[in-house]
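Below is one structure, written out as structure tokens; comments come after it.
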Amino acid sequence: MPTVVTTFAELRSALVDTDETHVIFGADISMGTTTGGIQIPNNKYTVIIDGDDGAGGRYTFTDYGNASSGIGATGNTIRYPSADSNTHTVTMQNMIVNSQNYYGVLYSPGGVNVQYVLRNVQYVGPQPFHNANGQVEMYDCDITLDKSIYSQTEEVAECNRAIIGGKTTIVHKPITTSYNIFNLSNNSATRAVTIAAGADVTINTTGFFFNSPDQGFIMEEGAKLVYTAETGAMADLSVTTPFILKDGASFTLNASSGFVDGTTDRFGPITVGKGASLTYGQTARNGSVSTLYCAGDFTVLEGGSVYLEAAYANPNELIEFYGSGRTLSLQQPKRFVLKSTVSTNSLINFSSTNRMEITSRQANLWTSALSPTDPGGFTNPPDSAWHRIKALAEEPFTPDVVIKGAATNTTFTLDADGTNLSTDEQALLPVFNVLVPAKAYVFAVGQLDLNANPIAEDGYPIFGRTEAGANLEIDYTVDGQNY
């Protein structure tokens, strides 16, 4: 049976007792002027601290510190002194936490197998976790770090691994913009930031997201993240970081200055899974820094969507590939759009010879100035488009066009077996050597969406065939409504 505690002394007594693994608050608890925190014995491997008041509400836990600046005192935390090879897990759940300690409410001096978890917690303070070698997790939490409340506001966590899940909101306004939400440290073989499957996460920060997730920034299946960087870019990376959006994941970035802060900050490989989406529009120039650096393959799988736009004067490239032998692989995406309404030469920088491999219903380039700025309408068709022409195709027919070849900033060279277009199809379409996204205003690859309005039950079918590249518009009336 869980132990009910109503004072800090009772909480400390329960947590240092090796037989007590689950405590429940019976009242709001404050450290008051009591120093020393709580040191959990190393041979106690699982602890749950629950603030559920039994009536649908949450009790409050307040730690010890200075109300204006916060206080850096490891001895005033809930902590393991050091950890052995066993996994140690502390979960704080169903509570409101008012913290003043920038060494965290939960602290570990360096245990590799220490896991600290917040679940259904509302936190206000300078830093909830300090677990340099271990893992931190947050599920269904509201986390607020604001320098206007505590002047020494720093990271959400110093840790090795971080997981965010459930419906979680993080507001992070540190003392300087150089502070990351996650300051990842120590063992590079395990450093990673993960958005858990099905999560719905909102982050707003004046700092950066993370510094060195060697094993990747990973969004699991169906995860959703809206990330707003108020003062610049998303990340200040010290290592090349895999960027993985698994099937159905959705990532929207709101930041004036791109995904990365500097020219040596690189993601790679980048994978957008089936039905996943990556959306960003950049509104300000960040020196000579491209929007996104890719030191690996950039792959978009079936039904995946990528929309990147440069909407500012004299833009840098949206994607810059670092190194040779990289592949932009677009495998039946729903859409892959790179767009600059103000300049050519700002979509892709291949740096050296790389590759493009496309399987899609269409691949389109706009190489002349956009007027109007929204491409794809009747008045603004692509300058070059590649697609299948069934009447001229060889059997067996497949609707997706296949294009594979070597790509630079000035050339595209089709592989010897690099397309499924017949000779007759190719004769009616643009030559492949103009497929150079680096010299375009818009590069768009994907499926054709068809949204149908209601059809009259007594209507008459219309049959016909358009010429390749034709524009088609149908107007009709149903029950007095024009469509």
Side-chain angles (χ1 to χ4, degrees), residues 170 181 193 195 200-210 213 216-219 223-237 241-246 248-263 265-273 275-296 298-301 304-322 328 330 333-343 346-349 370 373-375 437 440-446:
I170 297 174
I181 290 175
V193 174
I195 309 298
D200 184 356
V201 179
T202 302
I203 295 175
N204 187 298
T205 181
T206 56
F208 295 112
F209 199 172
F210 41 63
F217 168 55
I218 303 161
M219 292 188 63
K224 177 183 177 181
L225 171 61
V226 177
Y227 184 98
T228 300
E230 290 189 7
T231 56
M234 167 186 162
D236 185 11
L237 299 173
T241 299
F243 192 137
I244 302 168
L245 305 186
K246 293 189 178 181
S250 171
F251 179 31
T252 300
L253 175 64
N254 301 309
S256 62
S257 301
F259 285 83
V260 293
D261 187 55
T263 59
D265 299 341
R266 300 168 189 138
F267 287 101
I270 297 172
T271 303
V272 179
S277 65
L278 175 64
T279 305
Y280 175 59
Q282 186 167 343
T283 58
R285 183 179 173 89
N286 181 17
S288 60
V289 181
S290 295
T291 299
L292 180 61
Y293 289 85
C294 185
F298 194 132
T299 302
V300 184
L301 299 179
S305 296
V306 173
Y307 184 90
L308 302 177
E309 180 178 356
Y312 61 97
N314 193 23
N316 299 308
E317 291 84 359
L318 288 168
I319 301 173
E320 181 168 337
F321 284 90
Y322 179 79
L328 176 61
L330 308 177
K334 180 178 180 181
R335 68 170 183 169
F336 177 86
V337 178
L338 305 180
K339 177 182 177 182
S340 173
T341 58
V342 294
S343 175
S346 61
L347 300 186
I348 294 180
N349 182 357
L370 298 176
T373 58
D374 186 23
Y441 283 90
V442 178
F443 177 41
V445 176

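Any value given below was found using the heavy atoms of this structure, including those in side chains, with hydrogens, waters and symmetry copies removed. As the structure is a prediction and not an experimental result, all values here were calculated from the model.
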Return the [atom1] to [atom2] distance between [X] and [Y], rounded to the nearest 0.5 Å.
{"X": "D200", "Y": "K224", "atom1": "CG", "atom2": "NZ", "result": "5.0 Å"}
{"X": "I244", "Y": "F267", "atom1": "CD1", "atom2": "CZ", "result": "11.5 Å"}
{"X": "F321", "Y": "S290", "atom1": "CZ", "atom2": "OG", "result": "11.5 Å"}
{"X": "E309", "Y": "L338", "atom1": "CD", "atom2": "CG", "result": "10.5 Å"}
{"X": "S257", "Y": "Q282", "atom1": "OG", "atom2": "CD", "result": "6.0 Å"}
{"X": "Y293", "Y": "D265", "atom1": "OH", "atom2": "CG", "result": "8.5 Å"}

For I218 and K246, run side chain to side chain contact (heavy atoms under 4.5 Å, CB included): C-alpha distance rounded to whole Å, both residues' side-chain angles, the deciding distance at 0.1 Å, then the answer. CA-CA 8 Å; I218 303 161; K246 293 189 178 181; 4.0 Å; yes
Return the minimal non-hydrogen interatomic distance between [X] and [Y], and the atom names on each side.
{"X": "V306", "Y": "V300", "result": "CG2-CG2, 3.7 Å"}
{"X": "Y227", "Y": "M234", "result": "OH-O, 3.5 Å"}
{"X": "G296", "Y": "C294", "result": "O-SG, 3.0 Å"}
{"X": "P437", "Y": "L347", "result": "O-CD1, 3.5 Å"}
{"X": "I181", "Y": "I203", "result": "CD1-CG2, 3.3 Å"}
{"X": "P213", "Y": "V193", "result": "CB-N, 4.1 Å"}

Are the side chains of [Y] and [X] in contact, using a 4.5 Å heavy-atom criterion?
{"X": "L318", "Y": "F443", "value": "no"}
{"X": "L237", "Y": "F210", "value": "yes"}
{"X": "S288", "Y": "T263", "value": "yes"}
{"X": "F298", "Y": "L328", "value": "yes"}
{"X": "V226", "Y": "N254", "value": "yes"}
{"X": "L292", "Y": "I270", "value": "yes"}
{"X": "S305", "Y": "V272", "value": "no"}
{"X": "L225", "Y": "F209", "value": "yes"}

Are S277 and S250 close enough that a side-chain donor and a side-chain acceptor fall under 3.5 Å?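 A pair is found: one side chain offers a donor N or O, the other an acceptor, under 3.5 Å apart.
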Distance-only, no hydrogens or angles: does the [X] side chain make a donor-acceptor pair with backbone N or O of [Y] under 3.5 Å?
{"X": "T271", "Y": "T299", "result": "no"}
{"X": "Y280", "Y": "G258", "result": "yes"}
{"X": "E317", "Y": "I319", "result": "no"}
{"X": "Y307", "Y": "R335", "result": "no"}

Taking atom CZ as the centre, does F251 end up with more than 12 heavy-atom neighbours from other residues, nucleotides or ligands that are less than 6.0 angstrom away?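 Buried by this count: over 12 neighbours within 6.0 Å.
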